[in-house]
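Counting starts at 1 for both ligands and their atoms, following the listed order.
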Amino acid sequence: MKILLLGGTTEASALARLLAGDDRFDALLSLAGRTRHPAAAALPTRVGGFGGVDGLTAYLMERRVDCLVDATHPYAAQISANAARASVAAGVPLLGLRRPAWPRLEGDLWQEVPDAKGAVAALGEQPRRVFLAMGRLELPAFAAAPQHHYLIRSVDPPGRLELPNTEVITARGPFEAAAEEALLRDHAIEVLVCKNSGGSATYGKIEAARKLRIPVIMLARPELPGVESVESAEAALAWLTAAHEALARRGV
Ligand code: NAP
């Protein structure tokens, strides 16, 4: 059974490992190409966009893909919307693999904002020491608030930023809570800006902020299309196994 796995997440990598070497499945992993040196993948991999809904639809049809799995990042709303529309247009079943958001726990000092611009507004006028742990794509928005000191962490260097007071750390998770606490203390961080990514790999900063009573400006999750979804790689494998059995029964 031919599978196109839209990836870029820990869950996609876990599903890739489950599918690799299983001769019921002929799976290809697709990455956006956002990181320069992506983690080694267990499956054959293609990199780069398809060219919108039409490009993805054509790709699914030309390669006779049987199932599409959308295991992209919860903030990658465009590709998820494209996947939902292309699945209908090409008549290819779609499964979402989506990690649940972190719930707000007692002691969490979260302020939710719609986007990076909202985060800039929430930081206020007074200079603060800010930890930006939200990837690098939305960083240019913070040029509107150059009065703050920014500690920026991203997988790849953020490139040139119009910000006078910055310190950059390039690192790839997982990040443990104890090390995150030390980082927040060492840099005298007063406020954290991040996304509600869910999962365990980047939860350490949330635990550390709760412990140190540091406020968190949380970028809201974007609206995603309502498609059939599971929350783990194992559940996705069960869904794909059932799809494979259904295809076999139909003699495809
Ligand atoms: P996006 O805005 O949903 O996607 C933009 C375009 O990138 C898509 O329309 C598609 O191009 C291409 N694309 C995205 N994922 C793809 C995949 N798996 N395979 C092939 N093409 C793909 O997503 P984004 O620009 O990657 O990121 C948006 C947000 O998600 C950011 O906030 C970012 O920090 C976060 N994020 C993304 C990733 C990731 O791996 N993508 C990882 C961590 C965080 P075409 O229309 O040409 O097909």
Side-chain angles (χ1 to χ4, degrees), residues 3-16 27-41 43-63 65 67-87 89-90 92 94-99 101-102 113-120 132-142 152-159 161 170-175 193-203 205 217-225 227 236:
I3 299 168
L4 179 63
L5 170 57
L6 303 174
T9 58
T10 310
E11 291 71 20
S13 301
L15 179 58
L28 179 70
L29 176 67
S30 175
L31 299 176
R34 300 284 173 253
T35 51
R36 281 187 206 162
H37 304 289
L43 287 173
T45 304
R46 66 167 295 288
V47 180
F50 297 94
V53 178
D54 292 347
L56 181 54
T57 304
Y59 190 94
L60 293 171
M61 293 174 78
E62 278 161 20
R63 301 194 184 227
V65 171
C67 283
L68 176 62
V69 180
D70 174 15
T72 56
H73 192 268
Y75 285 74
Q78 185 62 56
I79 188 69
S80 291
N82 291 358
R85 290 178 58 195
S87 147
V92 173
L94 167 66
L95 178 70
L97 171 47
R98 293 178 179 169
R99 55 173 103 128
W102 299 313
V113 295
D115 50 24
K117 216 173 145 197
V120 170
L132 296 180
M134 44 175 277
R136 64 194 162 86
L137 297 183
E138 288 98 338
L139 291 177
F142 292 86
I152 295 170
R153 183 170 66 197
S154 55
V155 175
D156 289 316
L161 292 170
T170 52
R172 193 193 295 268
F175 302 106
V193 182
C194 66
K195 293 174 176 164
N196 192 332
S197 296
S200 59
T202 60
Y203 191 60
K205 61 180 180 279
I217 297 174
M218 187 71 86
L219 272 63
R221 282 190 167 203
E223 196 74 35
L224 295 180
V227 303

Heavy atom under 4.0 Å from ligand 1: found in Arg136's side chain, backbone, both, or neither? neither
What part of His73 sits under 4.0 Å from ligand 1 if we count only heavy atoms: the side chain, the backbone, both or neither? side chain
In the structure I gave you, are the side-chain heavy atoms of Thr170 and Asp156 within less than 4.5 Å of one another anywhere? no
Does any N or O atom in Arg46 lie less than 3.5 angstrom from one in ligand 1, N or O only? no
Quick one: are Val69 and Leu6 in side-chain contact, heavy atoms under 4.5 Å? no
What do we get for Leu137 next to ligand 1 when only non-hydrogen atoms under 4.0 Å count, side chain, backbone, both or neither? side chain
Going by the angle between their ring planes, with limits at 30° and 60°, are Phe50 and Tyr59 parallel, tilted or perpendicular? perpendicular
Are the side chains of Arg98 and Leu224 in contact, using a 4.5 Å heavy-atom criterion? yes
Indicate yes or no for a side-chain donor-acceptor contact from Thr202 to the backbone of Ser200 under 3.5 Å, with no hydrogens or angles considered. no
Determine whether the side chain, the backbone, both or neither of Ser80 has a heavy atom under 4.0 Å from any heavy atom of ligand 1. neither
Taking both backbone and side-chain atoms of Thr72, is any N or O found less than 3.5 Å from an N or O belonging to ligand 1? no
Should we count CZ of Arg85 as having more than 12 external heavy atoms under 6.0 Å? no
Residue-level breakdown please: for Thr35 versus ligand 1, do any non-hydrogen atoms fall below 4.0 Å on the side chain, on the backbone, on both, or on neither? neither
